[in-house]
Participant: 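Below you'll find the structure I mean.
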2 protein chains.
Amino acid sequence: MRRKVTLKQIAKELDVSISTVSKSLRDSSEISEDTRQKVQAFAKLYNYKPNNIALSLKNRKSKTICIIIPEIIHHFFATVISGVEHVANENGYNVIVCLSDESFDKEVINMEMLANGSIDGFIMSLSKETQQKRDFHHITEVISQGMPVVMFDRITNDILCDKVIIDDNLAAFNATQFLIDKGFKKIALLTTVDYVSVGKLRTEGYIKALKTNDLKVDENLIVKIEDTDNFEDQIENLILNNDLDAIFAVNEIFAVTAIKVATRLGKSVPNDVSVIGFTDGIISKYSSPSITTVSQNGVKMGEKAARMLLEKLEIEEEDYEEQYKTEVIETELVERESTK
Amino acid sequence: MRRKVTLKQIAKELDVSISTVSKSLRDSSEISEDTRQKVQAFAKLYNYKPNNIALSLKNRKSKTICIIIPEIIHHFFATVISGVEHVANENGYNVIVCLSDESFDKEVINMEMLANGSIDGFIMSLSKETQQKRDFHHITEVISQGMPVVMFDRITNDILCDKVIIDDNLAAFNATQFLIDKGFKKIALLTTVDYVSVGKLRTEGYIKALKTNDLKVDENLIVKIEDTDNFEDQIENLILNNDLDAIFAVNEIFAVTAIKVATRLGKSVPNDVSVIGFTDGIISKYSSPSITTVSQNGVKMGEKAARMLLEKLEIEEEDYEEQYKTEVIETELVERESTK
DNA sequence: TATGTCACCGAAAACGTTTTCGTGTTGAAA
DNA sequence: TTTCAACACGAAAACGTTTTCGGTGACATA
């Protein structure tokens, strides 16, 4: 087990100074051809690689960014990470992944832990708890220290920073309109509680579509699901007590569960009830029937967020001007078997 | 935008030495009650936090580990990350996630990039290409430098290090035996090409089960899928040309696709054909019919791998002895609707 | 011979910590 | 008054780099 070799060791071995070694390896013109070759040969032999930590300390940048997400097992977030990772890697950055587990405290701890030199910037999507508490001091804190933050998907308007979102409102509107165009009149909505920003926006889009088409908004058809572990009963009641045409669900799980419950209750999807979901994940693709859904391209969001962050990181301090953008990623309606 | 405050700045401001500040903050008994309180108050006011990079350099450890996986959008790998992340976080470690995209080169680049002080150890699952090339020099390299490596799931016996696996052979045997016990005789296998270690082992388990029960192994019933993007035809041929009882698939995608193709061909699952999968992901759970599957607990694997790595990291250099363990995580057969 | 110009190299600072060791001051004991 | 311990603090090294600045010797020019 031989430890990594350092400049100092090479210098000692070759009986030159550390500076000479460093310069030789960086092909400085100050060094004679002779010594340069000697040093480079030696370095190669011992497989010298500069110590990243030392470089980080010296340069005051770590070439590492952090992405904080509520859950990694959600396919959407996994795709976002994938996008972030690729852009970061292409530009010589590493990615630290932190999971908040939808907890405010974990989000705070993670940020504080890393905001001390370990990383150069954050990409994040808020935890449910944070959205509920509306406490963003940990984020304003790091921003005020000059660390760039890019928020995506679950964002807040209370914070000034770069953002990457989809137009949740419009996407929901379009999805609902799609159902209306098919001639459906009694369209139910499976959504989240209001403090989840995207859930709220999608609910608004749904309502807007109904109103635009002079359809009455029936509160009985709007089911707000809080407990994501056990909500089949809610859906069952919805279906039993209303004579539904169609269901619009704000995520994949809600959609696939709706299909399952409907099928169990003897309703055929899409013949009796059409179902449309949100997020084009593996469930929508592989479910039977496969699910018509609003595709929000996570990879693209991740790539965009990463690019925005790196851009901020690469500009010189002096030129820094606080100007924040909000990028909207296009959504797309993927038509599959669950609608007719 | 106020930059982070350093010991030096505090020292200057309070007109004491850097050492005094450092000691005060660490509650050293060398410092008088008076100055200590003064320093601590000032530090709190300015929200002082020690610079992690400087600490890393000093301590020669970064309190960061890296997990390298082939793909993050595979649910199984996401769950492993989740397990790793939690254990790491509990112990004050951060996790850098690297994706090899099944590419040998990316795997090598990632490892070389991080093995220079940035991280304290690796957790990894081999890329397909690496398994195919059987070139592991990048891994032996970092191990020989004294950096601990824990491999999981896709491992190789050519490398000596800690490993976390499931008994793929046994799990496949049990799954096949489960089908045999139900009375099925013509059991097909949907598997990967042989160089994927887990695919090969699962194939062996399947064959072993057949032989143990004196069933003949029909090569026509074994479909090795290379192109994971387009293999429906292969399955269709399998079903059309053979009078199958049951299908054992070595992953979720193969299983759900088999069900889809069978259904399309007019075969009912599970009434005409029973299907059993591998990996208890969201597909198996939400597909209709839901899929009976071998559950390999990714979270547990991740946790175990992280614990093994941290254990190696926490022991003192002197006590270090090269002794490697291979931990086997229990699998479980989750019975659902796709078998009868 | 004195001066200047290169080519080549080394010392040292800097990044932000922690820790060892040394030093000056105080008060009490001899 | 001297001695010694205890106390409180500072200087400096160390982690591994990069870079600025200065210095030395050789050689050419005046």
Participant: Counting any heavy atom closer than 4.0 Å, what does Thr35(A) reach on the DNA or RNA strands: base, sugar-phosphate only, or nothing?
Facilitator: sugar-phosphate

Participant: Under 4.0 Å, counting only non-hydrogen atoms across every strand here, what does Ser32(B) touch: a base, just sugar-phosphate, or nothing?
Facilitator: sugar-phosphate

Participant: On the side chain of Lys23(B), is there an atom forming a donor-acceptor pair with the base of dT20(C) - under 3.5 Å, no angle test?
Facilitator: yes

Participant: So Thr6(A), base contact, sugar-phosphate only, or nothing? Heavy-atom distance under 4.0 Å.
Facilitator: sugar-phosphate

Participant: What does Ser22(B) touch in the nucleic acid at a heavy-atom separation under 4.0 angstrom: a base, only the sugar-phosphate, or nothing?
Facilitator: base

Participant: Reading DNA chain C from 5' onward, which residue's closest nucleotide shows up sooner: Leu57(B) or Ser19(B)?
Facilitator: Leu57(B)

Participant: dC9(C) base to Glu30(A) side chain: any donor-acceptor pair below 3.5 Å?
Facilitator: yes

Participant: Tyr195(A) pairs by side-chain contact (heavy atoms from CB on, under 4.5 Å) with which of Arg134(A), Glu129(A), Lys133(A), Lys128(A)?
Facilitator: Lys128(A)

Participant: Nearest to the Ile18(A) side chain among dG16(C), dT18(D), dT18(C), which nucleotide is it?
Facilitator: dT18(D)

Participant: Can you name the nearest heavy-atom pair linking Ile119(B) to Leu114(B), along with the distance?
Facilitator: CG1-O, 3.4 Å

Participant: Using a 4.0 Å heavy-atom cut-off, does Ile31(B) contact any base of the nucleic acid, only the sugar-phosphate backbone, or nothing at all?
Facilitator: sugar-phosphate

Participant: Whole angstroms only, please: what is the CG-P distance between Asp27(B) and dC9(D)?
Facilitator: 14 Å

